[in-house]
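Attaching a single structure in structure tokens format; questions to follow.
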Amino acid sequence: MTPVLAASTLTDWIDAQGISWLPEWGPVVLAAVVHVILLLTFFGLPAGIFIWAERKVSARIQDRLGPTRVGGRFGWLQSLADGVKLLQKEDLAPADSDKFLFRLAPYIVIVAAFCAFMFLPFSNGWTAVAMDCGLFVALAVLSLEVLGVVIAGYSSGSKWSLFGGMREAAQMVSYEVPLGLTAVIPVVVAGTMNLNDIGNMQQGMIWNWFVFQNPFTFLAFFVFFVATLASNKRAPFDLAEAESELVAGFITEYSGFRWSLFFLGEYAAMFFVSALGVVLFLGGWWTGIAPLDNWFVSIGESCWMGDYIVRVIGMKIFLVKSAILVCVQIWVRWTLPRLRIDQVMTTCLKYLVPIACFLFLGVVLYPLILVTVLGRTTLLPGSGVAMGERVPVPVVEAHDFHPEPGDVAAETVAAPQEEEH
Amino acid sequence: MESVGLSGYLIVGAVLFVCGVICMATKRNGIGILMGVELVLNGANLNFVAFSQHTHLGLDGQIASLFVIVLAAAEAAVALAIALNFYNNHLTIDVDRAADLKG
Amino acid sequence: MSPDIYIETGTTLKWLLTTAWLLPLAGFLIEVFGGYWSGRKSRAAAFLAVGCIATGFVCSLIALLTWLDAADLNVSDIWQNPRAVAAATHEVSEATHVDHEHDADHAADAEHHGDHEHAVPAHSEEEHHGHAAHGNNPLKFAFNGTFYTLAKFGRIQITLDYYIDGLTVLMFTMVTFIATCIHLFAIGYMSDELTESYEDHQVHLPGGKHFHRPGRFYRFFSFLSLFCFAMLGLVLAGNIFQVFIFWELVGVCSYLLIGFYVERKSASTAANKAFIMNRVGDFGFLIGLMILWTWFGTFQFANTNPDQTGEQGLFQMVRTDAGAIETEGEGLNRVAYMQSATGEHLLGNDGQARRIPYWLLVVAGLGIFAGCVGKSAQFPLQTWLPDAMEGPTPVSALVHSATMVAAGVYLAGRFFPMFTPEVLLVIAYVGAITAFIGATIALVVTDIKQVLAYSTISQLGYMMLAIGVGGWLAGLFHLITHAFFKSLMFLCSGSVIHGCHHEQEMTKMGGLYKKMPITCWTMWIGVVAISGLAIPITLPYLGAISFSGFHSKDAIIASSLSFSTLNPTHSLLFFIPLITAGITAFYMHRMWFMTFFGKPKDHHVHDHAHESPWVMCGPLLALSFFAAFCAVGGESGPLANLLLTSEPTHVAGGVQAAGELGLTLPSHHEIHECHSQAGMMALLAALMGTVVAYLFYCKQAVDPALVKARFESAHRFLKSKWQFDEIYDSMFTRPVHVVAKWCTGFDREALDRFLHSCASLAVGIAQWDRKFDEAVVDRIVNVFGEVTYAAGRTLKGVQTGRLRQYVMFIAAAVVCLFVVLFLFLPR
Amino acid sequence: MESLLFTIYALATCGAALGVVLSQNVARMAFWLVVSLGCVAGLFFMLNADFVGATQLLIYVGGTVVLLIFGVMLTASGPFNTIKSEPAEMIQAGVIGIALLAILIPTVTSVDWVGNRDTLSHAGVKSPSGEFNQQGEGGTSRHIGAALLGVRVDQADASAPSEAHEHHEADHDHGHEHAHGEEAHSHAAHDHAHAQVSETNQASGYLLPFEIISVHLLVVLIGASYLARAKRRVEQPTS
């Protein structure tokens, strides 16, 4: 019997239990259900907490107190109370609207934001869908969110909404470029798009984090952060719902439950991009202090359930890092004034895109230059793993011998490396 | 797990293709026609990938479909620009009005 | 000198002189491009130019000191310890010897001055044993190297070189100093140009008006700067080709400056004349260059670097260690062997010794000298120089008396090792004739600048003469001293002209000494210097009490006397300069007396005359100091000693019965023996000339008009400048005109007619072709077009313009195709 | 399981495509298009083409369709206006569409794909491609990247000259190579070299097309922005 925590996936574990009455698709569905429930927790809870945090932080920044009463102290149940209130409201659709699309739009947003979580590793190996191109798919799914916003703006039948939707469309399509480029930079450094692998590569001391890997990644992190702000419609890029110009932008006509779905989606996406930033640049679930990490790992190897405990600790670290980034987002929102739409586009097209291109070029050339100048691929001797050596060898498993086509294929993949020795 | 087989995918591709063609043939809205083109391309793409998995095509099919996707994006951009221009000149997007060159 | 110190010193000198050389270029560029934006009334260009050239002077001065240090010629040494051969044979004063011991022969001299020899081993060794410390180098010691390689053809290459020896450094100092003075002077002289609307009184427009134009102050100074750059480049040049480049650049500057008042017909004509005359000489120069390039394969003067085994220079190839040209055969079959660094014959690629026909060497020397003739206004190309006085007076002073025209003499001196005795004889005769012609014409001209111009020609002739008779030192010595006093006198004349409001005729002056005392007495210094007057008393260490001109002219006369003693057939070469010396004294004093003394002849001029401002008088004083004292000590003085360091090796010992003509060139010793005799005769001639001039023009004891009337025909002959212009006109200009007329006729009658008939033939053919085109080709094309058009019209209906219909057609067509396929294709 | 998923996706795809055809409102068409394309992406995932699927989502759904909707918004002359087609046209198109389908589907089903594949491989036209990615692991991105450079994972065995040779090569598996000692190593190296050569002869990679497409994309974007830039609107006579 395989212990649940040692199985590579939940499906394997359930399969291994040998429950005979389950249909063939049973383990998959069961695993899916478990994953969805877990993810919903991570999707809903942090969003609620961050909504509360936003209110508290903004209040503190504005020298107010914010919610204080609900739930006893600090108003910590405020989000829940809000949610209850919103649920009770009437589900309205304006007469002029395209009702079908109008009702559908919030779901698109929430589904897109939720789906993105499937690819996020919360701790070493804790991913709902482990894919080789996880980062790519995650970004792709996240980009679907804009569709909901645009449809919402269009179907509302209001010019405010329409404007909001158009702005959102323009902004998102533009900012996807620097976002994608800067997200690819850690991929270049790591040599894989597997988020779990990327996270694991940043093990060790803090300078092994990709953000400190070289000057280009360092700058890339900030570009990435700005681009995520914009793609989340966060201030100072919240033109789509600019209340001073467009009433409330694409959510002008929404109320009650559907309105709250938009908000939930936004805060979930905030958390998601922060988590993504943490995985890509800020060392994922590693503390950045090598002895501490090693100690954790040694615990994991020594005691019962150790593996599990270590991963829980990793997840805590991961969540804390992400929360800090979210707080920075909140802080930025309440500190900086909103840009004009042309300024937003200028920032993206005239600054961020060229900068991102330059950084991409730089990060590609950097190890080559280092090799030429210093004769090694790292700046400091002995720190970190050399970039070229980091790239995992294409998976070539030594199967048992039988003339299977895949086997021979694997053999030939190894050929180029063989040549090099 | 039993395999669905190639035919199923090919049929879906065919349906997409036909829908695209009908879309192109019936929509008077320029952008609608564009969507029809996208459907046709997707039908082709689906065929490519299906062949890639199930026949000798191998990765060539996937790469071809990648190229198709990228070129479709380019095509969409240009077509949209043309549509906008058309709209600017005719104040409508009805392609039946685009008969200026009719002899 | 050890190679280390050699290289170090050489590098220092190189950078100093390069700085001095390139600064004027920078100044020129800034002035030319910046002058356009600066105002017409701004003096900035002048200050910039002065700054550049003055900095250049400072650099040159430092270089001079460095040189003295390197050559162990520190100041006290020069004064107290006259060196080796020069000292032994030339310790001259007016017939008295300072140091009798130096009369001893070379060996004894070397022994006697053991300490000195220790200090300057390179010199002594070379002079006495002919073995240079750094190989086969007939030129004592010099620094050379390459700035930049322009082109490479296998082993031979064209480079930008530098060649620095005592002569270079001295020329640098002299040129930059005089140029600085003249720049300063020009600030005052050219101040008329500081205006938006300059009225040129000598350009008459129809309607009795004068020509107005914007002032060209900055342009003048930019040209001056360019000239300085070119002149310094010429002096610094390390190969003959580079010399040629700067030679031409100098010519261009001269052209620009002579034609500065371009609107004046006389000025532009004079500029053209100068340029064309120089071209004639340069043609010879080019021939010389080609011969050298063909036979020697290098342009470099010499390669003296001790640790650098580069190509040998021209001098080293031609002369042996001892400084002789090694020849073989007789007449046209005579050949000269080229020397290698080891003192053996240079071997060619085929293993044979490389040789050059002797007559080609002569032709090459004559060719190069032809260039010098043009540039230095020697007979028969001297006519351009007086006309060049059309330029502003500072230009005359700088370009046409002190430096540029001296470039010819400089080159003759620099290229001395390449000249065979035959060439030297030609040089000597050309110099003598030029000196005499110049002096005689100067007797009769009345324009103050013209007098000076002819005196310049005459003095340049002197220098050439000296070089020709083997008095290398004398010639270049005179070059330096002449530069100082001639520029001084030109500036004085400029001051007079400026003071008299651009009046140049001496017949309208007189009695100006009270009006402009500084000018008067500084000019006197110049006049005395050029006349070669002296008080025959000798002071210790200082030689005779005299101004610089005395010493140098004395040396020239001594050289020529010695030469004519050794070669009695050429005794004319002594008498002509002697007579000319007297004439010189006469006409110079004539000019001085006519200008400053006697009664004012034109009251209008006299009343308005005034002393010049200090910016003009300052340079006069500075120059007069040098005109007076630069040659102090005579041929044992510092100037001569410095020059001696770069004297070619073979000069000191003289040459016996050399060349085809069997000429004998005097050695230092022989020249020295004639020195006192020649000095006395020259002084006597000069005194006579002075006295006669005093009687004629100051005392008015003899009326010049009477003499003029008596020798009417001679006067006319001289006045028309020996009729050179007329001769040239009838010899060259008119025949060319005639030929040109014939050519025009041929052109018109034959060529044009032929071309016209060709053209009309083409037109005829074209007309036929057009008909064919229209009838056949066009019709075919039109038929195609019409068919296509008709087809298009009929097919037009299919083009509905409805997009969706097309799609429908396509789909339907596909379906049809499939159906057809299924129906008709066998399974 | 797979067939269940396939059924769902296929139905959604076809249904959404029909939705595109039948809906008269452009915005709804766009929505249905998104659904259809998304489901196609799902089909791609099912075909183990995860990279293509992700690209489909990112570029098609996230980019192209958003662009289309953008166009819809910019060209809408009134709220939710629809340009209706004539019923006759619809019927025409429907007939032709059904005819096309009627041709295509029998064509697809009538071919014995598996048999063909086996026939081909037996004829030695091309060795079987097979599962170049292990079932369920996805991970085609690296293979696609290698293929762009000309290193083919799926066709590599084609270079093996014979079946026997293949056996031999498989024996020297990557993991065991060092145990075999010097001789085996050199032999294996020789084999690899052989494989390399024939590979370069066979597939030169897709790098050049890739670059051409990149440049093409750039040109198109510049051209599109030039075309679409704001011009003075020509006044249309109202009809």
Side-chain angles (χ1 to χ4, degrees), chain B residues 1-4 6-12 14-16 18-19 21-23 25-29 31-32 34-35 38-39 42 45-46 49-50 52-56 58-59 62-63 65-67 69-74 76-78 80-85 87-94, chain D residues 1-3 6 10 13-14 17-18 20-21 26 29 33 37 40 43-44 47-49 52 55-56 59-60 63-64 67-68 71-72 74-75 77 83 85 89-90 93 97 100-101 104-105 108-109 113 117 126 129 140 143-144 147 154-155 206 213 217 220-221 223-224 227-228 231 233-234 236:
Chain B
M1 286 189 272
E2 88 278 21
S3 175
V4 174
L6 186 55
S7 309
Y9 291 102
L10 292 187
I11 289 169
V12 176
V15 170
L16 278 179
V18 171
C19 285
V21 169
I22 296 175
C23 210
T26 55
K27 299 293 176 196
R28 279 170 65 199
N29 190 321
I31 291 168
L34 214 52
M35 292 177 189
E38 305 294 345
L39 277 181
N42 260 277
N45 261 356
L46 192 56
V49 177
S52 138
Q53 176 70 9
H54 290 284
T55 70
H56 304 138
L59 281 176
Q62 296 200 9
I63 290 169
S65 64
L66 277 179
F67 286 165
I69 290 173
V70 173
L71 288 178
V78 170
L80 201 65
I82 293 173
L84 285 183
N85 234 344
Y87 181 76
N88 272 343
N89 288 332
H90 295 83
L91 286 181
T92 176
I93 195 66
D94 185 356
Chain D
M1 180 65 200
E2 194 189 345
S3 53
F6 172 77
T13 307
C14 298
L18 271 179
V20 175
V21 173
V26 197
M29 276 162 64
L33 185 68
L37 299 189
V40 169
L43 286 175
F44 286 165
L47 284 167
N48 291 326
V52 180
T55 314
Q56 167 97 355
I59 295 181
Y60 242 125
T64 309
L67 217 61
L68 285 181
V72 169
L74 283 175
T75 55
S77 24
I83 307 175
S85 320
E89 274 184 336
M90 291 294 285
L100 261 179
L101 262 186
L104 285 177
I105 290 175
V108 166
T109 48
W113 295 105
R117 178 171 148 189
K126 225 176 187 183
S129 73
T140 52
H143 299 321
I144 287 177
D154 51 335
Q155 293 177 354
Y206 282 93
I213 281 185
L217 201 56
V220 159
L221 286 182
L227 266 180
K231 286 185 209 122
R233 177 172 290 186
V234 179
Q236 178 86 4

From CG (B:L34) to CG (D:L33), nearest 0.5 Å: 9.5 Å
For D:L101, is it the side chain, the backbone, both or neither that has a heavy atom under 4.5 Å from a heavy atom of chain B? both
Which pair of non-hydrogen atoms, one from D:C14 and one from B:V15, has the smallest distance, and what is that distance? SG-CG1, 3.6 Å
Taking all atoms of both residues into account, what is the closest heavy-atom pair of D:V21 and B:C19, and its distance? CG2-O, 3.4 Å
Between B:I31 and D:M29, is any pair of side-chain heavy atoms under 4.5 Å apart? no
I need the minimum non-hydrogen distance between D:G97 and B:I22, along with the two atoms involved. CA-CD1, 3.8 Å
Can you tell which part of B:V18 gets under 4.5 Å to a heavy atom of chain D, answering side chain, backbone, both or neither? side chain
Would you say the side chain of B:Q62 lies within less than 4.5 Å of the side chain of D:L47, judging by non-hydrogen atoms? no
So which of B:A25, B:A76, B:A14 has the largest heavy-atom pair count under 4.5 angstrom toward chain D? B:A14
Let me know if B:L46 has heavy atoms under 4.5 Å from chain D in its side chain, its backbone, both or neither. both
Please find the pair of heavy atoms, one from B:V12 and one from D:A10, that lie closest to each other, and give the distance. CG2-CB, 3.5 Å
Return the minimal non-hydrogen interatomic distance between B:A73 and D:I59, and the atom names on each side. CB-CG2, 3.8 Å
With side chains defined as the heavy atoms from C-beta onward, is the minimum distance between B:I69 and D:V52 less than 4.5 Å? yes
Validation row: B:N45, D:V40 side chains within 4.5 angstrom (heavy atoms): no
All heavy atoms of B:T26 vs all of D:A93, minimum pair found to be CG2-CB, 3.2 Å
Pick from D:V20, D:L221, D:L18, D:T109: which one has the most heavy-atom pairs with chain B under 4.5 Å? D:V20
Distance col, row D:L37:CG vs B:N42:CG, nearest 0.5 angstrom, shows 4.5 Å
